[in-house]
Enquirer: 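One structure follows; several queries about it will come next.
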Amino acid sequence: MNRLASNLDCIRGSVSFSLAICFCLLAACSSEKKSPQAAEESVVIVADAPVETAGSEKTVPPQNVRQNTPQPEKTPATSSTAAPETSKPDQTIYRPSDQRPVHNNQRLELLGIHCYESPRLKLYTDIDPKIAVTLPAVIDQAYASLADYFGPLPPDREGTEFQVTGYIMQNRALFREAGVILDSLPAIVNGRHQGAQFWMDAQSQPYYLKHLMLHEYTHCYSMIMGDIGAPVWYLEGIAESMATHTTDADGKIHLNVMPHNKNDFGGLGRITLIEDAVEQAPPRSIQEIMQFHPANFLYNNEEYAWSWALCQFFDKHPVYGSPFRELAQHMHGDGFSKKIQEMLGDDYAKVNDDWMLFARNLQPGYDFQNAAVTFASGESLRPDSSATAVVNSQKGWQSSGIHVEQGIVYEVSATGRFTLAQKPKPWESTADGISFQYFKGQPLGRLIMMIQPDPDMKLTHPNSILKEYPLGAHASWMAPVSGTVYFRLNDAWNSLADNRGEVEVTLQRKSKPTTGDDSDR
């Protein structure tokens, strides 16, 4: 009932109201906006912490941080009578000064915690040294991709390079004994970041160990400037997206990829969570996801999955991809809300239909380019008249350009042959499909129909766009709702690119209106 009510609210309008709720400032569940505090450690050398009291916004730069800022040169006056110049305040934007604690590495080693350092990561961990020694190089590679996506970080006043301190913990008790887990840090479930530091548990799956490390590092990089105005679904979803990675034959790390299978992404499970969820209920709407609260993410991986999926949908969509990636430059202040409203436009219902179809059909290797839907309203047929549409075997849902009316009987016939796959040899098919290979219970290549309902129909049939009707080469059916007909030739959503050919579909209106069908309510 709650899901239906949410959909009805979306359709009835007031998109700006719902978006205003979505874009409220929300802190990520694994992300904190407060300035990092120095760890309390009796025999660990700690950088002098800024003097900070409740309600105070002033900070004093640490005294034992590297100071590399060059001294300003004195410029001689051009004339003894020249009027003194009025000094202007420094308008340069700086990132926060490096306030990370400086640890006594010898003492930590006695506890079993070893340090592995590279230009972009100082890692303290008690995991297998053979694994630990490889991790800083992963971050060094990822840094360039983060700078490209979110933009380069400004310098700090001391002129130091940006580096993060990370703690990967097999035995948390050791790190608590060492005093490197901040008392001010909220509870760590799997990972947590604060400023230029992160803490995370060791992971049994090699892939997910790197994934979680990249997730937390993304938070450190993208949120180091503070004043975060982006909502929690974006903060967690984009960190999940950037952390989803592959390593090529040359050892190069590639971030923000769509998993092409499940075996190479051990421990991730985001696609599986979505698949299991949509087997039980319709996908969550865009509005539902955008209203996630930080508390939703505690001990709940499904919210991470939905946030990741929505970011992937926008990031790789041929229409929304470019404006979505611009959001990474507007995470601070109130710019994010304005930019995402510009991206979504005035037709929330169309964007949500697009998203619902993607979420319903998500699978490893999903082909964003060929599966993308171009919505185009159809025109109604007169009684006993017909129209034709061409259906490309390489594409996903395609508008027929034909509008059907609820309760009217229509006949469909399809002619033509096409090929599915090319290796080991092309599989030739008609609109009836190939009976020796199936996808989602239907023969590969079979002509499938769905109807995008008219706006008023969505009030009583909110999920009808998710209903699929297998037709084959010949079929007669009564329209369950009024709307535009879309066709596709059945194939896996990761296997469209190697198809070739098309069929011509003729749709004929046959009878007068009868009682409507409520089967998809």
Enquirer: Under the side chain to side chain contact (heavy atoms under 4.5 Å, CB included) criterion, do Leu135 and Met213 qualify, and how do the steps go?
Expert: CA-CA 9 Å; Leu135 297 180; Met213 178 181 68; 3.9 Å; yes
Enquirer: Going by the rule side-chain contact (heavy atoms from CB on, under 4.5 Å), which residues pair with Asp128 if we only count those two or more places apart in sequence or in a different chain?
Expert: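 Checked Asp128 against side-chain contact (heavy atoms from CB on, under 4.5 Å); matches are Lys130, Ile131.
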Enquirer: Looking only at atom types and distance, does a side-chain atom of Trp199 sit under 3.5 Å from a main-chain N or O of Val180, one as donor and one as acceptor?
Expert: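 Side chain of Trp199 to backbone of Val180, a donor-acceptor pair under 3.5 Å: yes, one is there.
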Enquirer: Is the backbone of Gly226 close enough, under 3.5 Å, to the side chain of His332 for a donor and an acceptor to pair up by distance?
Expert: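 Yes, because the side chain of His332 sits within donor-acceptor range (under 3.5 Å) of the backbone of Gly226.
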Enquirer: Is there side-chain contact between Leu327 and Ile340, with heavy atoms separated by less than 4.5 Å?
Expert: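 Side chain of Leu327 against side chain of Ile340, heavy atoms only: contact under 4.5 Å found.
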Enquirer: Flag the pair Pro119 / Gln163 as yes when at least one side-chain heavy-atom distance between them is below 4.5 Å, and no otherwise.
Expert: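 Contact flag for Pro119/Gln163 side chains = no.
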Enquirer: Leu185 vs Gln194, test: side chain to side chain contact (heavy atoms under 4.5 Å, CB included). Steps then yes/no.
Expert: CA-CA 8 Å; Leu185 199 67; Gln194 190 176 92; 3.9 Å; yes
Enquirer: Verify ring pair (Phe, Tyr, Trp, His ring centres under 6.0 Å) between Phe324 and Tyr234, making sure each step is shown before the conclusion.
Expert: CA-CA 11 Å; Phe324 177 78; Tyr234 176 83; 5.8 Å; yes
Enquirer: Answer with yes or no whether the side chains of Asp315 and Tyr149 bring together a donor and an acceptor at under 3.5 Å.
Expert: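 Present: a donor and an acceptor within the cut-off.
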Enquirer: So which atom in Ser222 and which in Ile228 form the shortest heavy-atom distance, rounded to 0.1 Å?
Expert: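 So the two residues come closest at O-CD1, 4.3 Å.
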Enquirer: Look at the side chain of Asp454 and the backbone N and O of Asp456, then say whether any donor-acceptor pair between them is shorter than 3.5 Å.
Expert: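 Side chain of Asp454 to backbone of Asp456: no pair is present.
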Enquirer: Evaluate Glu158 against Asp98 for side chain to side chain contact (heavy atoms under 4.5 Å, CB included), listing each step before the verdict.
Expert: CA-CA 8 Å; Glu158 296 73 34; Asp98 189 350; 5.7 Å; no
Enquirer: What I'd like to find out is whether the side chain of Met242 reaches to under 4.5 Å of the side chain of Leu214, using heavy atoms alone.
Expert: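 Not touching, per the 4.5 Å side-chain cut-off.
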Enquirer: Take Lys458 and Asp353 through the test salt bridge (Lys or Arg N to Asp or Glu O under 4.0 Å) and record every step on the way to the result.
Expert: CA-CA 11 Å; Lys458 288 187 177 182; Asp353 280 349; 2.5 Å; yes
Enquirer: Compute whether any side-chain donor of one residue and acceptor of the other, for Asn352 and Gln287, lie under 3.5 angstrom apart.
Expert: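 There is no such pair (donor and acceptor under 3.5 Å, judged by atom type) between the side chains of Asn352 and Gln287.
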Enquirer: Whether Arg360 and Glu468 form a salt bridge (side-chain N of Lys/Arg under 4.0 Å from carboxylate O of Asp/Glu) is what I want to check.
Expert: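 No salt bridge links Glu468 with Arg360.
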Enquirer: Can you name the closest pair of heavy atoms from Ala277 and Glu302 and give their distance?
Expert: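 Where Ala277 meets Glu302 most closely, the heavy atoms are CB-OE2, 4.2 Å.
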Enquirer: Does either side chain, that of Gln203 or that of Asn190, offer a donor lying less than 3.5 Å from an acceptor on the other one?
Expert: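 Gln203 vs Asn190: no donor-acceptor pair found between side chains.
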Enquirer: Side-chain donor-acceptor pair under 3.5 Å between His317 and Asp354, yes or no?
Expert: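 Yes, side-chain donor-acceptor contact under 3.5 Å.
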Enquirer: Students often mix this up, so state it plainly: with edges at 30° and 60°, are the rings of Trp493 and Tyr366 parallel, tilted or perpendicular?
Expert: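 Ring orientation, 0 to 90° scale: parallel.
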Enquirer: Whether the Glu236 and His219 side chains hold a donor-acceptor pair (N or O, under 3.5 Å, no angle test) is what I'd like checked.
Expert: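 Side-chain D/A pair, Glu236 to His219: present.
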Enquirer: Identify whether the distance between the nearest side-chain nitrogen and carboxylate oxygen of Lys339 and Asp334 falls below 4.0 Å.
Expert: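 The answer is no: the pair does not qualify as a salt bridge.
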Enquirer: Between Asp156 and Pro96, is there a donor-acceptor pair closer than 3.5 Å when you use the side chain of the first and the backbone of the second?
Expert: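 No; judged by distance alone, with no hydrogens or angles, the pair does not exist.
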Enquirer: Taking the ring centre of each residue, are Tyr221 and Tyr143 less than 6.0 Å apart?
Expert: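 Yes, ring centres under 6.0 Å apart.
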Enquirer: In Å, rounded to the nearest 0.5 Å, how long is the span from CD1 of Ile289 to CD1 of Ile286?
Expert: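 It comes to 7.5 Å.
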Enquirer: With no hydrogens and no angle check, is any side-chain donor or acceptor of Glu342 less than 3.5 Å from a backbone partner on Ser337?
Expert: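 Looks like no, no N/O pair under 3.5 Å.
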Enquirer: Any chance the rings of Tyr304 and Phe297 have centres within less than 6.0 Å?
Expert: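 Yes.
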Enquirer: Report the C-alpha distance between Phe358 and Phe368 in whole Å, list the side-chain angles of each, state the deciding distance to 0.1 Å, and finish with yes or no for ring pair (Phe, Tyr, Trp, His ring centres under 6.0 Å).
Expert: CA-CA 9 Å; Phe358 162 77; Phe368 285 88; 5.4 Å; yes
Enquirer: Checking His211 side chain against Ala243 main chain: does a donor-acceptor pair fall under 3.5 Å?
Expert: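 Yes: the side chain of His211 pairs with the backbone of Ala243.
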Enquirer: Checking side-chain polar atoms at under 3.5 Å, does Gln452 have a donor or acceptor matched by the opposite partner on Thr484?
Expert: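 Judged by distance alone, the side chains do not pair up.
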Enquirer: At their closest point, which heavy atom of Pro154 faces which heavy atom of Arg95, and how far apart are they?
Expert: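 Minimum heavy-atom separation between Pro154 and Arg95: O-NH1, 3.0 Å.
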Enquirer: Give a yes or no on whether the backbone of Ile168 and the side-chain of Thr125 come within a donor-acceptor separation of less than 3.5 Å.
Expert: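 Yes, because the side chain of Thr125 sits within donor-acceptor range (under 3.5 Å) of the backbone of Ile168.
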Enquirer: Any side-chain heavy atom of Trp233 within less than 4.5 Å of one from Trp306?
Expert: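 No, too far: nothing below the 4.5 Å cut-off.
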Enquirer: Starting at CG of Leu268, measure out to CG of Leu212 and round the result to the nearest 0.5 Å.
Expert: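 Here the rounded value is 11.0 Å.
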Enquirer: Of the options Val373, Leu496, Asn370, which is the one that meets Lys395 in a side chain to side chain contact (heavy atoms under 4.5 Å, CB included)?
Expert: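 With Lys395 as partner, Val373, Leu496, Asn370 yield a single side chain to side chain contact (heavy atoms under 4.5 Å, CB included), made by Asn370.
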Enquirer: Just checking, is any N or O donor in the side chain of Tyr167 or Gln197 under 3.5 Å from an acceptor N or O on the other one?
Expert: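 Result is yes, a qualifying pair exists.
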Enquirer: Leu121 vs Thr165, test: side chain to side chain contact (heavy atoms under 4.5 Å, CB included). Steps then yes/no.
Expert: CA-CA 6 Å; Leu121 177 66; Thr165 297; over 6 Å; no
Enquirer: Are Lys122 and Cys115 side-chain neighbours, meaning at least one heavy-atom pair lies under 4.5 Å?
Expert: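 When only atoms from C-beta onward are counted, Cys115 and Lys122 do touch, with a gap below 4.5 Å.
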Enquirer: Using every non-hydrogen atom in the two residues, find where Leu235 and Met223 come nearest and quote the distance to one decimal.
Expert: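 So the two residues come closest at CD1-CE, 4.0 Å.
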Enquirer: Considering all heavy atoms of both residues, which atom of Val351 and which atom of Phe314 are nearest to each other, and what is their separation?
Expert: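 It is CG1-CE2, 4.2 Å.
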Enquirer: I want to know whether Phe265 and His245 have ring centres closer than 6.0 Å.
Expert: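 For Phe265 and His245, the ring centres are not under 6.0 Å apart.
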Enquirer: Taking the side chain as every heavy atom from C-beta outward, state whether Asn463 and Met356 have any pair of such atoms under 4.5 Å apart.
Expert: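 Yes, at least one pair of side-chain atoms sits under 4.5 Å.
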Enquirer: Would you sort out whether Glu177 and Arg172 count as a salt bridge (Lys or Arg N to Asp or Glu O under 4.0 Å), showing the intermediate values?
Expert: CA-CA 9 Å; Glu177 181 182 349; Arg172 276 201 206 181; over 6 Å; no
Enquirer: Can a donor-acceptor pair be found, under 3.5 Å and without considering hydrogens, that links the side chain of Arg107 to the backbone of Ala178?
Expert: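 Present.
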Enquirer: Just wondering, do Ser464 and Met457 contact through their side chains at under 4.5 Å, heavy atoms?
Expert: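 They are not in side-chain contact.
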Enquirer: Cut-off 3.5 Å, side chains only: do Asp126 and His114 have a donor facing an acceptor?
Expert: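 On atom types as modelled, these side chains do not qualify, holding no pair under 3.5 Å.
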Enquirer: Say whether, by atom type as modelled, one donor and one acceptor occur between the side chain of Asn105 and the main chain of Leu108 under 3.5 angstrom.
Expert: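 No, the answer is negative, given that no donor and acceptor are paired below the 3.5 Å cut-off.
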Enquirer: Check Arg270 with Glu240, please: is the shortest side-chain N to carboxylate O separation under 4.0 Å?
Expert: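 Answer for the salt bridge query: yes.
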Enquirer: Is a side-chain N or O of Thr272 found less than 3.5 angstrom from the main chain of Gly269, in a donor-acceptor match?
Expert: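 A pair under 3.5 Å: no.
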Enquirer: Verify salt bridge (Lys or Arg N to Asp or Glu O under 4.0 Å) between Arg120 and Asp140, making sure each step is shown before the conclusion.
Expert: CA-CA 6 Å; Arg120 301 301 178 183; Asp140 285 359; 5.6 Å; no
Enquirer: Could you check if a side-chain atom of Arg157 sits within less than 4.5 angstrom of a side-chain atom of Thr92, using non-hydrogen atoms only?
Expert: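 Of all side-chain heavy-atom pairs linking Thr92 with Arg157, none is under 4.5 Å.
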Enquirer: Of His215, Glu216, Met200, which meets side chain to side chain contact (heavy atoms under 4.5 Å, CB included) against His193?
Expert: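 Between His193 and the candidates, side chain to side chain contact (heavy atoms under 4.5 Å, CB included) is satisfied uniquely by Glu216.
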Enquirer: Closest heavy-atom contact between Gln312 and Ser241?
Expert: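 Smallest interatomic distance, heavy atoms only, reads NE2-OG, 3.2 Å.
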Enquirer: Checking side-chain polar atoms at under 3.5 Å, does Lys252 have a donor or acceptor matched by the opposite partner on Thr247?
Expert: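 No, because no side-chain N or O of Lys252 sits under 3.5 Å from a partner of the opposite role on Thr247.
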